[in-house]
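Written out below as structure tokens is the structure these notes cover.
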Amino acid sequence: MFGPVWKIKETRLCVPTANKPGSHRQRVDGVTLQRAWPWVCFYGLGAMIPSRLFSARLRLLEGMGRWTPSTQAVLGPGWLLPQHASPRLLSVSCADGAKHQEPRRKKLLSEKQLKRHFVDHRRVLVRGGRGGDGVSCFHSEPRKEFGGPDGGDGGNGGHVILRVDQQVKSLASVLSRYQGFDGEDGGRKNCFGRNGALLYIRVPLGTLVKEGHEVVADLSHPGDEYVAALGGAGGKGNRFFLANDNRAPVTCTPGQPGQERVLFLELKTVAHAGMVGFPNAGKSSLLRAISNAKPTVASYPFTTLNPHVGIVHYEDHQQIAVADIPGLVRGAHRNRGLGCAFLRHVERCRFLLFVVDLSVPEPWTQVEDLKYELEKYEEGLSARPHAIVANKVDLPEARARLPRLQARLGQKAIALSAATGENLEELLLRLKDLHEEHVANELARGRQPLRW
């Protein structure tokens with residue numbers, strides 16, 4: 001019922017000892033300790049206290065000398081004094097009621113918190129699971145002298161698979177190393193080991209998988225999967241080597257190690273429409289006005305450093321995904337101002353929206369510069385179906401520049417204000433027309449259009 005404790009003769013105090021518990025008498029610093037069951041006796045104090053009520057825990061403090069029993073303590077196990085330090089009260093707790101406290105673990109981030117740390121490229125080491133070993137054994141049964149070999153094969157190692165998950169928006173949740181599950185070893189009575197479970201790595205839609213400089217997979221559709229590393233084959237038991245010329249084989253083979261690869265994951269945002277423009281042109285404000293997305297909006301350039309995708313809903317349950325691409329600068333195709341990191345997200349957009357700031361003196365030069373940067377980055381990118389959006393028309397000087405902008409471009413520009421919501425209906429209708437043209441072209445080519 002109660003654990004063993006120690007009683008000290010000659011009015012000494014009870015001090016637990018770390019010596020070998022098998023001996024009945026121990027001697028620590030000149031104090032004779034004797035095992036007692038189940039009470040602690042304090043001679044001279046006239047008290048018998050159950051040992052389960054107290055457990056003394058020594059805290060060794062830096063700079064203190066050797067601990068000795070204190071003669072001033074009321075309850076012996078609770079007080080100890082160092083020879084060269086002031087007395088300190090040590091913690092006393094109930095031994096039976098104490099609970100083991102688990103160490104604090106790092107709290108997992110939510111998807112909203114992960115989006116704050118947007119990552120669009122990642123180096124990953126993947127290794128498949130090792131196969132289980134085969135077993136060499138023979139059947140043993142009464143009145144059956146020659147049972148024969150019955151060692152089973154080991155299980156195969158588990159694969160590591162990349163799977164597209166539309167709920168994941170960034171590669172921030174992808175770790176730098178993955179190890180597949182190993183297969184189990186074989187057993188007696190021809191029992192095969194269990195195969196290792198498949199390990200799935202969730203990646204966002206539009207993930208490009210590279211090995212070196214070679215593209216090995218393009219995960220651009222919902223539900224796409226790619227086997228990143230194969231698991232090792234399981235070993236063979238001695239039952240596998242049974243033959244007419246070898247009736248009692250003892251040979252068995254070990255499991256094979258899994259495949260090991262170093263992959264580079266690159267995210268290219270997938271959306272129907274991509275808003276392209278210079279910094280502080282009002283792209284984030286426009287995305288907030290036409291969708292439920294909440295990108296950061298401020299009055300300084302380069303507010304948006306990561307692409308944001310908003311969904312535009314229509315009455316016929318049609319949904320169009322619009323991506324807010326971070327602002328580009330002149331020379332972006334030469335990676336100026338992180339241009340290549342931003343232009344990468346334009347490649348997957350089916351059609352484009354060139355957002356022009358009407359408050360600048362010559363807004364038509366922005367369209368020319370944007371098309372030049374897109375064409376230099378990838379040939380034919382600027383020739384995709386597009387619409388020109390003239391933002392900030394609510395300003396007096398901006399409305400005066402609108403006729404000249406349309407004359408210089410030779411096409412109609414959609415004049416609107418993301419701040420006041422003026423003329424947003426025209427943009428939504430133009431978006432729907434571009435999406436219907438894209439769907440018709442994809443179906444004519446025999447391909448399934450992107451659906452959200």
Side-chain angles (χ1 to χ4, degrees), residues 269-278 280-291 293 295 304 307-314 318-328 342-343 345-360 362-375 377-378 380-394 398-399 401-442 449-450 452:
T269 303
V270 176
H272 295 116
M275 291 193 297
V276 184
F278 280 86
N280 209 23
K283 301 182 296 298
S284 299
S285 301
L286 185 58
L287 185 63
R288 293 171 67 102
I290 64 177
S291 68
T304 303
H308 294 268
V309 179
I311 306 299
V312 182
H313 299 270
Y314 290 88
Q318 189 178 15
Q319 297 180 349
I320 299 178
V322 181
D324 175 20
I325 309 300
L328 304 177
F342 297 158
L343 287 170
H345 299 283
V346 188
E347 298 181 29
R348 302 296 182 88
C349 298
R350 275 54 176 178
F351 45 92
L352 306 176
L353 298 177
F354 292 104
V355 182
V356 180
D357 185 3
L358 283 179
S359 62
V360 299
E362 296 181 351
W364 54 85
T365 59
Q366 293 187 357
V367 181
E368 299 173 356
D369 294 339
L370 290 174
K371 289 185 176 181
Y372 175 78
E373 296 297 334
L374 294 178
E375 192 65 25
Y377 178 76
E378 181 180 340
L381 191 58
S382 62
R384 293 186 181 182
H386 64 273
I388 298 177
V389 180
N391 194 17
K392 303 182 182 181
V393 74
D394 54 314
R399 191 177 295 274
R401 298 189 181 99
L402 180 60
R404 191 176 180 184
L405 171 65
Q406 296 180 350
R408 295 293 294 265
L409 297 178
Q411 65 182 78
K412 182 181 179 181
I414 304 175
L416 53 83
S417 174
T420 62
E422 181 182 352
N423 203 23
L424 290 179
E425 295 80 3
E426 184 178 355
L427 173 61
L428 296 178
L429 292 176
R430 180 57 178 160
L431 266 177
K432 189 174 182 180
D433 294 340
L434 291 173
H435 180 260
E436 291 177 352
E437 295 176 4
H438 162 68
V439 172
N441 293 334
E442 291 293 310
L450 175 65
W452 284 80

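All values below were derived from every heavy atom in this structure, side-chain atoms included, with hydrogens, water molecules and symmetry-related copies excluded. In what follows, residues are counted from 1 in the order of the sequence shown.
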Using a 3.5 Å distance criterion without hydrogens, assess whether the side chain of [X] forms a donor-acceptor pair with backbone atoms of [Y].
| X | Y | answer |
| --- | --- | --- |
| H345 | T269 | yes |
| R350 | R348 | yes |
| R401 | V360 | yes |
| N391 | L358 | no |
| R384 | L352 | no |

Side chain proximity check, [X] to [Y], heavy atoms < 4.5 angstrom:
| X | Y | answer |
| --- | --- | --- |
| V322 | L287 | yes |
| L343 | L328 | yes |
| H435 | V439 | yes |
| E347 | E378 | yes |

Straight-line distance of [X] [atom1] to [Y] [atom2], nearest 0.5 Å:
| X | Y | atom1 | atom2 | value |
| --- | --- | --- | --- | --- |
| Q366 | I388 | CD | CD1 | 11.0 Å |
| E368 | E362 | CD | CD | 9.5 Å |
| Q406 | I414 | CD | CD1 | 10.5 Å |
| I311 | Q318 | CD1 | CD | 12.0 Å |
| H386 | F351 | NE2 | CZ | 13.0 Å |
| N423 | L416 | CG | CG | 6.0 Å |

### Query
Could you walk me through whether L286 and L353 pass the side-chain contact (heavy atoms from CB on, under 4.5 Å) check?
CA-CA 11 Å; L286 185 58; L353 298 177; 5.7 Å; no
### Message
Can you tell me which residue among S285, S359, S417 is in a side-chain contact (heavy atoms from CB on, under 4.5 Å) with K392?
### Response
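That would be S359.
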Residues [X] and [Y]: side-chain donor-acceptor under 3.5 angstrom:
| X | Y | answer |
| --- | --- | --- |
| S382 | E375 | yes |
| T420 | D394 | no |
| H272 | Q319 | no |

### Task
Test side-chain contact (heavy atoms from CB on, under 4.5 Å) on V389 and F354 and set out the steps.
CA-CA 6 Å; V389 180; F354 292 104; over 6 Å; no
### Query
Could you go step by step and tell me if L428 and I290 meet the side-chain contact (heavy atoms from CB on, under 4.5 Å) rule?
CA-CA 8 Å; L428 296 178; I290 64 177; 4.0 Å; yes
Grab the two heavy atoms, one from [X] and one from [Y], that are nearest each other, plus how far apart they are.
| X | Y | value |
| --- | --- | --- |
| G277 | L370 | CA-CD1, 3.7 Å |
| F342 | G327 | CD1-O, 3.6 Å |
| A390 | L402 | CB-CD1, 4.2 Å |
| V355 | A281 | CG1-O, 3.8 Å |
| F278 | K283 | O-NZ, 3.1 Å |
| A418 | A289 | O-CB, 4.0 Å |

### Query
Checking side-chain contact (heavy atoms from CB on, under 4.5 Å) for the pair V346/L381: CA distance, chi angles, key distance, verdict?
CA-CA 8 Å; V346 188; L381 191 58; 4.3 Å; yes
### Message
Regarding E422 and R399, does a basic nitrogen lie under 4.0 Å from an acidic carboxylate oxygen?
### Response
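Counted as a salt bridge, because a side-chain N and a carboxylate O are separated by less than 4.0 Å.
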### Task
In plain terms, say whether K412 and E426 are close enough for a salt bridge, that is, a side-chain N and a carboxylate O under 4.0 Å apart.
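Yes, K412 and E426 are salt-bridged.
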